[in-house]
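What you see is a predicted model; the values in this text were computed from it and never measured. Numbering starts at 1 and runs along the sequence shown.
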Amino acid sequence: MDSVNNSQAFDDFSRAKRRAHFNSFFNTLQWKNSDLLSLYEVTKIIKPKKETYLGMQTIPVDKIIGSEGRYRDFSSAFLPKKEMLRSRWASIDVARMEDVILPPISVYSLGGNYFVRDGNHRVSVAKSMGTEYIDAEVVELDSQIPLEPGMTLKQIKSRAVEYERNMFISQYNPTYLPMDEIKFTSPGSYPEMVNHILVHKYYINQNRKDEISFEEAAKSWYKNVYEPIIKEVRKDNLLSNFPGESEADLYMWLVRRWDEKKRQKKDASIEETVSEAKKETAKGRLKRYIKKFLDFFSKN
């Protein structure tokens, strides 16, 4: 390794690492997340159903927004965060300066952007040096939810929920339900709600000769299942223990909790479930406030 290029590469790494720390500091001041996206966390939200091998391609470096396994080692701008990366990072930078042809990186394509499977250091050097394109072996994960550089997991989650809501409205045209009231914030909730309605429909049809429609079942589900639970939530002001959540979120959480209680005690009521949930979450909330209070004074 040429000593001049080696020294330059180590300087390049130091500058990139300082930029990562500065960006992290300023992002913290602006309440922005400076972490690189984790493929695992994103796919937990989006849930792709299949993958397709696309082969070798030249892809835009600025479309690489996350990593499969090294997301803790680099910032959201793919700058190195840890000193242990120096040697490998610098060797890649020297290869760049000496025009050494490196093997292509390996990526997943998801929602129009890319997550690194192999070649994280090469991507970091490319981003740091302003390289526009890089050769990559691409495997595409199917997704109907578009992603953009700079998105946080919270924003991706919100987009997934919006997509599921629009799909539900498009498929069922639920003008018979107060959709302005039924708003979830967690991915998977709208499909789960459909399942609740279908189960409700099944039990109603057991006592009838003619099968009721999805619309009739949805109206009955809202009146006899959803609305009574929400009334209990409002009566006990349970939502105050769940900042950032909606009434619909609490409905879903309480139904799951109620099902668990009924497995232990068949005559468990929703009123009992809500009352216990309020006591438990109120204690948890108090503990969180005390911890924040103690943490604040321990730092001052």
Peer 1: I need the minimum non-hydrogen distance between P149 and I65, along with the two atoms involved.
Peer 2: CA-CG2, 3.5 Å
Peer 1: Under a 4.0 Å threshold between the charged nitrogen and the carboxylate oxygen, would R159 count as salt-bridged to E148?
Peer 2: yes
Peer 1: Quick one: closest heavy-atom pair of I45 and K157, and the distance?
Peer 2: CG2-CA, 3.8 Å
Peer 1: Could you tell me which non-hydrogen atom of I105 sits nearest to which non-hydrogen atom of V123, and how far apart they are?
Peer 2: CD1-CG2, 3.6 Å
Peer 1: So if I apply the side chain to side chain contact (heavy atoms under 4.5 Å, CB included) rule between N120 and each of R88, E68, R70, which one comes out positive?
Peer 2: R70
Peer 1: Rounded to the nearest 0.5 Å, what separation is found between the CE atom of M151 and the CG atom of L37?
Peer 2: 8.5 Å
Peer 1: Can you tell me which residue among R19, R86, E83 is in a side-chain hydrogen bond (donor to acceptor under 3.5 Å, both in side chains) with S14?
Peer 2: R86
Peer 1: Does M193 form a side-chain contact (heavy atoms from CB on, under 4.5 Å) with F168? I'd like the steps, not just the answer.
Peer 2: CA-CA 10 Å; M193 180 184 76; F168 172 74; 3.4 Å; yes
Peer 1: Measure the OG-CD1 distance between S109 and I64 for me, rounded to the nearest 0.5 Å.
Peer 2: 11.0 Å
Peer 1: State the NZ-CD1 distance between K47 and I145, to the nearest 0.5 angstrom.
Peer 2: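 Rounded to the nearest 0.5 Å, the NZ-CD1 separation comes to 9.5 Å.
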Peer 1: So does I212 get a backbone contact from the side chain of N205, meaning a donor-acceptor N/O pair under 3.5 Å?
Peer 2: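 It does hold such a pair.
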Peer 1: Please report the interatomic distance CG(L250) to CE(M252), rounded to the nearest 0.5 Å.
Peer 2: 11.5 Å
Peer 1: To check you understand the geometry: which heavy-atom pair defines the closest contact between I46 and S143, and what is its length?
Peer 2: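 Reported closest heavy-atom pair: CG2-OG, 3.4 Å.
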Peer 1: State which residues pass side chain to side chain contact (heavy atoms under 4.5 Å, CB included) with M129; sequence neighbours excluded, sorted by chain then number.
Peer 2: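 M129: side chain to side chain contact (heavy atoms under 4.5 Å, CB included) contacts with D12, W89, D93, R96, V125, T131.
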Peer 1: Could you tell me which non-hydrogen atom of F78 sits nearest to which non-hydrogen atom of G66, and how far apart they are?
Peer 2: CE1-O, 3.8 Å
Peer 1: Check whether more than 12 heavy atoms from other residues, nucleotides or ligands sit under 6.0 Å from atom OH of Y53, and answer yes or no.
Peer 2: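 Buried by this count: over 12 neighbours within 6.0 Å.
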Peer 1: Using modelled atom types only, decide if a donor and an acceptor are shared between the side chain of D249 and the backbone of T185 within a distance under 3.5 Å.
Peer 2: yes
Peer 1: Counting only heavy atoms not in K154, do more than 12 fall under 6.0 Å of its NZ?
Peer 2: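 No.
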Peer 1: Aromatic rings Y172 and F214: how do their planes relate, parallel, tilted or perpendicular, breaks at 30° and 60°?
Peer 2: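 Y172 vs F214 ring planes: parallel.
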Peer 1: Of W221, Y222, W258, which is the lone residue that meets ring-ring contact (aromatic ring centres under 6.0 Å, His included) with Y251?
Peer 2: W221
Peer 1: Can you run down the ring pair (Phe, Tyr, Trp, His ring centres under 6.0 Å) pairs that involve residues 108-147, sequence neighbours left out, and say none if there aren't any?
Peer 2: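 For residues 108-147, and leaving out neighbouring residues, the ring pair (Phe, Tyr, Trp, His ring centres under 6.0 Å) pairs sorted by first residue read F74-H121.
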Peer 1: Checking the side chain of S170 only, and the main-chain atoms of N166 only, is there a donor and an acceptor separated by less than 3.5 Å?
Peer 2: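 No: the side chain of S170 does not pair with the backbone of N166.
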Peer 1: Are the side chains of P104 and Q57 in touch, meaning some heavy atoms are under 4.5 Å apart?
Peer 2: no
Peer 1: Quick check on M167: does its CE atom have over 12 non-hydrogen neighbours (other residues, nucleotides or ligands) under 6.0 Å away?
Peer 2: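 Not more than 12 within 6.0 Å, no.
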Peer 1: Do the side chains of Y202 and L198 get nearer than 4.5 Å, heavy atoms only?
Peer 2: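 Not touching, per the 4.5 Å side-chain cut-off.
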Peer 1: Distance-only, no hydrogens or angles: does the S220 side chain make a donor-acceptor pair with backbone N or O of A217 under 3.5 Å?
Peer 2: no
Peer 1: For R165, is there an ion pair with E162 - N to carboxylate O distance below 4.0 angstrom?
Peer 2: no
Peer 1: Please tell me if the side chains of H196 and Y226 come closer than 4.5 Å, counting only heavy atoms from C-beta onward.
Peer 2: no
Peer 1: Does this structure show an ion pair linking K219 with E216, if we count only N-O contacts that are shorter than 4.0 Å?
Peer 2: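 Salt bridge flag = no for E216 with K219.
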Peer 1: Evaluate the ring planes of Y190 and F184, with Trp represented by its six-membered ring, and classify them as parallel (under 30°), tilted (30 to 60°) or perpendicular (over 60°).
Peer 2: perpendicular
Peer 1: May I ask you to decide whether E247 forms a salt bridge with R234, counting only side-chain N to carboxylate O separations under 4.0 Å?
Peer 2: yes
Peer 1: Taking atom CZ of R15 as the centre, report whether more than 12 heavy atoms of other residues, nucleotides or ligands fall under 6.0 Å from it.
Peer 2: yes
Peer 1: Strictly below 4.0 Å, N to O, side chains only: are D142 and K49 in salt-bridge contact?
Peer 2: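 So D142 does not pair with K49 through a salt bridge.
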Peer 1: What are the two closest non-hydrogen atoms of V116 and V107, and how far apart are they?
Peer 2: CA-CG1, 4.1 Å
